[in-house]
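Structure, as structure tokens:
The chains referred to below are lettered A, B, ... by the order of the sequence lines, with proteins before strands, and numbering in each begins at 1.
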There are 2 protein chains.
Amino acid sequence: MLSIAAPTPAVVRVPHTARHVDRAAPQTAGAHIAEALKLLQDTLPIQRRLVHAGDTIYQAGERFGCLHVVHSGIFKIITYSADGREQVAGFHFKGDWMGFDGIANGRYGCDAVAMDTAEVWSFRYDTLLQACVEHPELLALVHAAMSREITRDRDSLLSLCTLSADARVADFLRYWAESLAARGLRTDQITLRLTRAEIGNYLGMKLETVSRAMSRLAREKVIRFAERGRRELQIPDIDALREFVQRSLGAPAASRTLQ
Amino acid sequence: MLSIAAPTPAVVRVPHTARHVDRAAPQTAGAHIAEALKLLQDTLPIQRRLVHAGDTIYQAGERFGCLHVVHSGIFKIITYSADGREQVAGFHFKGDWMGFDGIANGRYGCDAVAMDTAEVWSFRYDTLLQACVEHPELLALVHAAMSREITRDRDSLLSLCTLSADARVADFLRYWAESLAARGLRTDQITLRLTRAEIGNYLGMKLETVSRAMSRLAREKVIRFAERGRRELQIPDIDALREFVQRSLGAPAASRTLQ
DNA sequence: CGTTGTATTGAGTGGTTTCAAACGTAGTGG
DNA sequence: CCACTACGTTTGAAACCACTCAATACAACG
């Protein structure tokens with residue numbers, strides 16, 4: 001009997017809400033990240049690179065040799081299917097690593113593209129491994145980053161599979177705002193450097209659906225559009241986004257749960 | 001799975017051992033996996049565990065301490081959202097590692113549940129790290145496994161976001177069959193130890209939709225149901241599944257591409 | 001043989017997509 | 001400065017795919 005449906009966690013579960021809120025404390029926000037970057041700086045030969053919006057750090061199929069850490073800016077990850085479908089697979093903020101997917105078969109499996117002016121630190125994978133022998137903290141850092149990426153991917157999957165279009169957009173904005181907050185960046189006035197089409201691609205819906213969802217979110221005052229264009233928006237209260245997701249879980253064709 | 005390039009591994013190779021007889025294999029199928037398991041056996045104190053269908057290896061929230069490698073059987077991974085939604089997030093076959101998600105914050109982020117009688121090898125993470133200092137191949141093994149998991153998660157995302165329900169089911173069956181084939185197991189007669197509800201949960205659709213999709217696949221002779229029940233099925237030709245996916249890409253609401 | 005859990009199938013509803021038009025913003029050059 | 005263009009966004013109406021509800025069928029088990 002596989003009783004999957006028991007929703008009451010037998011063990012202590014760490015809600016992702018708690019994780020991020022901890023780091024979002026005004027002073028300590030981004031503290032780990034700063035430490036991590038410092039550790040890298042102290043133990044490895046770094047190749048710094050400044051890039052502009054649209055520049056690619058690496059491309060799918062390219063020979064793997066380096067791992068990359070975001071020092072500033074935001075990057076998007078794009079994967080391709082064998083038949084050419086393209087998919088925005090994730091985003092990487094300050095302190096995030098990129099390129100892990102290349103380790104297994106010696107070639108990168110996706111593109112990493114800068115979304116604005118950014119700085120990235122690159123390290124040769126083999127020298128990184130060597131340095132890890134003397135500095136175990138370094139290895140711990142890498143493993144934690146990979147672990148987080150796996151967890152994050154699963155969260156995306158969960159959002160995709162269980163939420164309606166509107167809720168998915170809300171959840172995406174929550175994720176984006178929290179990612180910024182965790183790094184001590186402003187969340188009340190954010191500028192998405194993504195088109196509706198890209199957001200839709202990432203969330204598995206069409207651009208019109210994204211647009212409609214955001215209009216609805218604005219109508220319900222969960223987000224607000226800035227004066228300028230519809231590209232920058234304000235998120236007065238991140239919890240309001242969470243509540244919106246909860247609300248939309250009740251009514252519509254949402255419950256894609258087991259049983 | 002990118003069509004782009006030949007996968008020549010740049011990572012440290014384990015020397016070929018003469019004896020690695022994986023039962024019923026086209027010679028090389030499952031060869032690395034056998035090697036990997038042997039390496040583990042030779043370098044680490046293993047805790048072997050036999051489990052039955054429904055048994056959990058670890059649960060979300062439980063303190064992280066061990067990594068686990070599937071020696072036989074198939075496991076499913078289940079994640080939960082803060083509000084209790086549950087999500088089948090992936091499957092692990094022979095040679096696959098489980099538990100990476102626990103590294104980052106010291107607690108597992110999901111459940112790992114056996115789908116049939118299975119054997120799992122468990123290792124304490126800290127002793128694994130120690131062994132890696134003397135055996136760099138071991139570290140390469142772990143990193144490759146994490147890397148593959150990240151890539152696999154992205155493939156899931158891509159399938160979810162760009163394929164119709166029917167195509168998603170076909171793609172899932174292709175993935176399942178290939179996972180078996182890669183380990184030298186039979187693919188012409190497979191028994192899914194999943195309910196339609198679980199498949200639907202994994203693929204982001206309802207059980208009825210899964211059922212209808214499979215009926216359609218059977219009608220088009222891409223799959224065949226065995227005499228017994230509708231649980232075991234035959235896949236005469238894996239490429240037929242691939243072609244079905246391609247076919248369904250042309251017509252319907254499929255092109256969720258950018259631009 | 002009834003019970004239970006799972007699978008199949010149909011009919012109707014509804015959420016997303018599709019198609020289409022209009023609007024806003026930014027950039028360019030007359 | 002104002003066309004003019006290009007690109008992205010918004011919004012509407014209709015079509016479609018997947019979901020919901022419901023009934024039936026099937027297999028395993030006590």
Starting at atom [atom1] of [X], determine the distance to atom [atom2] of [N], rounded to an integer number of angstrom.
X      : N      : atom1 : atom2 : result
B:I199 : C:dT6  : CD1   : C1'   : 12 Å
B:M205 : D:dC19 : CE    : P     : 7 Å
A:M214 : D:dT11 : CE    : P     : 12 Å
B:R196 : C:dT9  : CZ    : C1'   : 13 Å
B:E232 : D:dA27 : CD    : P     : 12 Å
A:L203 : C:dG15 : CG    : C1'   : 16 Å
A:D166 : C:dG14 : CG    : C1'   : 13 Å
A:K206 : D:dT10 : NZ    : C1'   : 17 Å

Within-4.5 Å side-chain heavy-atom neighbours: [X] and [Y]:
X      : Y      : answer
B:E86  : A:L158 : no
B:I190 : B:L233 : yes
B:T56  : B:V51  : no

Problem - Helix axis bend for the helix from C:dC1-D:dG30 to C:dG30-D:dC1 - C1'-based end axes, five pairs, 10° rounding - result: 30°

Practice task
Check every atom of C:dA7, D:dA18, D:dT10 against the side chain of A:L207 and return the nucleotide holding the closest atom.
Solution key: D:dT10

Exercise for the section: Measure from the side-chain heavy atoms of A:T195 and tell me the nearest of C:dT16, D:dG8, D:dA18. Expected result: D:dG8

Problem - Mutual orientation of the aromatic rings belonging to A:F100 and A:W97 [parallel < 30°, tilted 30-60°, perpendicular > 60°] - result: parallel

Do [Y] and [X] meet the salt-bridge criterion of a basic N to acidic O distance under 4.0 Å?
X      : Y      : answer
B:K76  : B:E198 : yes
A:R85  : A:D83  : yes
A:R154 : B:E149 : yes
B:R216 : B:E220 : no

Handout entry: Phosphate OP1/OP2 of D:dT11: any A:S215 side-chain N/O under 4.0 Å
Key = yes

Practice task
Taking only the side-chain nitrogens and oxygens of A:R231, find out if one of them lies under 4.0 Å from OP1 or OP2 of D:dT9.
Solution key: yes

Practice task
Tell me whether the centres of the aromatic rings in A:F91 and A:Y202 are closer together than 6.0 Å.
Solution key: yes

Provide a list of protein-nucleic acid N or O atom pairs under 3.5 angstrom, restricted to nucleotides 10-13 of chain C.
residue	atom	partner	partner atom	Å
C:dG10	N7	B:R212	NH1	2.9
C:dG10	O6	B:R212	NH2	3.1

